[in-house]
Visitor: 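Let me give you the structure first, and then I'll get to my questions.
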Amino acid sequence: MFRSRTGIAAAALFLTASLGLTACGGDDGAEEGADAKTLTLWHYEGPTSAMGIAWNKAIELFKSSHPGVEVKFEEKGFEQIQQNAQMILNSDSAPDIMEYNKGNATAGLLSKQGLLTDITDEASKRGWDKKLSPSLQTTAKYDEDGIMGSGKFYGVPNYGEFVTVYYNKNLFDKYKLAVPTSLDEFTKVMDTFVQNKVTPLAVGGAEYPAQQIFYELALSKSDRAFIDDYQLYKNKVDFKGPQLSYGAQTFADWVSKGYISKDSASIKAEDMGVSFSQGRFPILISGSWWYGRYATDIKDFEWGTFLFPGNNLHPGSSGNLWVVPEKSKAKSLAYDFIDITMSPEIQALLGNSGGVPVAADPSQITDPKNKELVETFNKISTSDGLAFYPDWPAPGYYDVLVAGVQGLINGSKTPDAFLDEIAKPYNENLADLGK
């Protein structure tokens, strides 16, 4: 969800070039259905990322099983697709298959506008629905209003992500600390660090990481019904109720106790991540997207992970989706490609490359750390433990939460004022939806 992406400078050029390609290449042999001779595929994963490695292999396998079919792969920037998808998919320049972001404001919006193909029948016929847990299916299905969680399949994820706790084993050993199994034990661990003049948590308050800590704390008092209300609008959410109030108050308490530095309000996610890899902080609460990087970059100390102690629900979701534009001229080929990415071979390659496959056999993951990552995700996913992300429910909510949590860090906002601030746009979005 939060990996770095290619910048947006080329967005306008991307749109122009894409439209131009259509004008020049309209007779390239692509036809509706299985007789098409070209599959145009877009995604925005770098070639050395776990997804990039796995999908390049999937392209090889596709070519082997589809002799005579040309694959036109085009790597795009995340922002390029995000900003221009609606215009592109509403034109004749749409690819046959593309990676697209999950959620109400992205895949949900395009499905509502009729720009994505309903692939429910294919998901059933090819068994994708059986390979995806209920939590993962939430981001693949959208109703007629474009709200995730029910309705028809409009995309298929083949990797996942979740928030976990990274810890410096050397620093834990130095102070004779064990991995905590409850929130009370976790606070005692952090108290020990503070008593030894060590700030426990690496935090990036200027971007997503701090709000995920707030959400983890709220989730410690939550159940699936609260997630359904907050994320899927099943019932009204009381922002002064026990879940969000506890998250806000406890987050503020963690700042006052010295678990979180007040200076972290201006720290970016990248700087936070690097500070942990340099051994400057004993603990970091963030996503599985750091895992492969730490496995490569951290040389000077031993590290490990554990799930947020005591929680049954964790921030996380499927990864982004393979979607088939409604104007795709090679839908059958697109379905074949998705099928390959869900195959045991590609799922294992994802896991062995540091990714989080959604349908891998853990016994096929050879690296011990990668295997631990996959097993942890499978444990969360199969127990319906994915709680999505706090910024998903409303357009522009990410910036609202960043600013709000920054206020808790620097002391400019009380927990009560913070909750009022984040309730307003949430409830305004509900009104816009007629909820």
Side-chain angles (χ1 to χ4, degrees), residues 1 50-51 54 99-104 106-108 111 119-143 147-164 215-216 219 222-232 234 287-289 291 305 307-308 311-323 335 338-351 355-365 370-390 392:
M1 177 183 184
M51 281 67 70
E99 178 187 10
Y100 196 57
N101 203 14
K102 70 278 182 186
N104 298 343
T106 46
S111 70
I119 58 174
T120 306
D121 289 344
E122 290 296 324
S124 176
K125 183 173 74 174
R126 296 174 183 257
W128 303 332
D129 55 347
K130 303 292 190 301
K131 293 183 177 182
L132 297 172
S133 69
S135 291
L136 293 173
Q137 289 192 26
T138 299
T139 54
K141 290 180 174 180
Y142 297 87
D143 66 16
I147 305 302
M148 67 179 185
S150 65
K152 300 174 180 177
F153 274 89
Y154 283 98
V156 176
N158 55 37
Y159 70 98
E161 57 191 35
F162 64 98
V163 173
T164 190
Y215 195 47
E216 287 274 27
L219 292 177
S222 301
D223 57 14
R224 178 53 61 183
F226 172 79
I227 302 305
D228 286 348
D229 292 346
Y230 180 74
Q231 297 281 1
L232 307 179
K234 294 292 180 66
S288 53
W289 47 89
Y291 204 98
T305 63
L307 290 173
F308 196 86
N311 279 22
N312 294 317
L313 294 164
H314 305 273
S317 74
S318 76
N320 292 319
L321 307 174
W322 285 122
V323 298
Y335 305 146
I338 293 173
D339 213 37
I340 291 172
T341 69
M342 295 292 280
S343 67
E345 179 178 353
I346 297 302
Q347 287 289 296
L349 181 57
L350 260 173
V356 184
V358 297
D361 178 354
S363 68
Q364 299 303 306
I365 311 302
N370 290 347
K371 186 173 183 177
E372 179 187 23
L373 182 71
V374 172
E375 287 176 340
T376 301
F377 179 77
N378 288 346
K379 175 184 173 183
I380 297 171
S381 178
T382 56
S383 64
D384 196 26
L386 293 171
F388 317 118
Y389 293 97
W392 277 18

Visitor: For the residue pair Tyr154 and Tyr100, establish whether any side-chain heavy-atom pair is separated by less than 4.5 Å.
Guide: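 No, side chains not in contact.
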Visitor: Could you tell me if Ser318 and Thr139 have a donor-acceptor pair between their side chains, going purely by distance under 3.5 Å?
Guide: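 Yes, a side-chain donor-acceptor pair sits under 3.5 Å.
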Visitor: When rounded to the nearest 0.5 angstrom, what distance separates CD in Glu99 from CE in Met51?
Guide: 7.5 Å
Visitor: Taking the six-membered ring for Trp, are Phe388 and Trp392 parallel (under 30°), tilted (30 to 60°) or perpendicular (over 60°)?
Guide: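 Parallel: the ring planes of Phe388 and Trp392 meet at under 30°.
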Visitor: With a 4.5 Å cut-off on side-chain heavy atoms, are Val156 and Tyr335 touching?
Guide: no
Visitor: Is there side-chain contact between Ser383 and Asn312, with heavy atoms separated by less than 4.5 Å?
Guide: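 No, side chains not in contact.
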Visitor: If you take all heavy atoms of Asp384 and Ser135, which pair is closest and at what distance?
Guide: OD1-OG, 2.7 Å
Visitor: Just so I know, are the side chains of Met342 and Leu132 near enough to count as touching, which here means a heavy-atom distance under 4.5 Å?
Guide: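 A side-chain contact under 4.5 Å exists here.
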Visitor: Does Glu122 come within less than 4.0 Å of Lys152, counting only side-chain N to carboxylate O?
Guide: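 Answer for the salt bridge query: no.
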Visitor: Do you know the tightest heavy-atom contact between Ala107 and Leu321?
Guide: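 For Ala107 versus Leu321, the nearest heavy atoms are CB-CD1, 3.9 Å.
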Visitor: Give me the atom names and distance for the closest heavy-atom approach of Gly351 to Ile365.
Guide: CA-CD1, 3.7 Å
Visitor: Which atoms form the tightest heavy-atom contact between Gly160 and Ser288, and what is the distance?
Guide: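 Shortest heavy-atom separation between Gly160 and Ser288 comes out as O-OG, 4.4 Å.
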Visitor: Between Leu386 and Phe377, is any pair of side-chain heavy atoms under 4.5 Å apart?
Guide: yes
Visitor: Show, in sequence, the C-alpha distance, side-chain angles and deciding distance for Glu372 and Lys379, and conclude whether the salt bridge (Lys or Arg N to Asp or Glu O under 4.0 Å) test is met.
Guide: CA-CA 10 Å; Glu372 179 187 23; Lys379 175 184 173 183; over 6 Å; no
Visitor: Between Glu161 and Tyr389, does any side-chain donor sit less than 3.5 Å from a side-chain acceptor?
Guide: yes
Visitor: Output, in order, the C-alpha distance, side-chain angles, deciding distance and verdict of side-chain hydrogen bond (donor to acceptor under 3.5 Å, both in side chains) for Asn158 and Trp128.
Guide: CA-CA 9 Å; Asn158 55 37; Trp128 303 332; over 6 Å; no
Visitor: Give the minimum heavy-atom separation between Gly355 and Leu373, together with the two atoms involved.
Guide: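 So the two residues come closest at O-CD2, 3.9 Å.
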Visitor: Measure across Gln347 and Val358 and return the closest heavy-atom pair with its distance rounded to 0.1 Å.
Guide: OE1-N, 2.9 Å
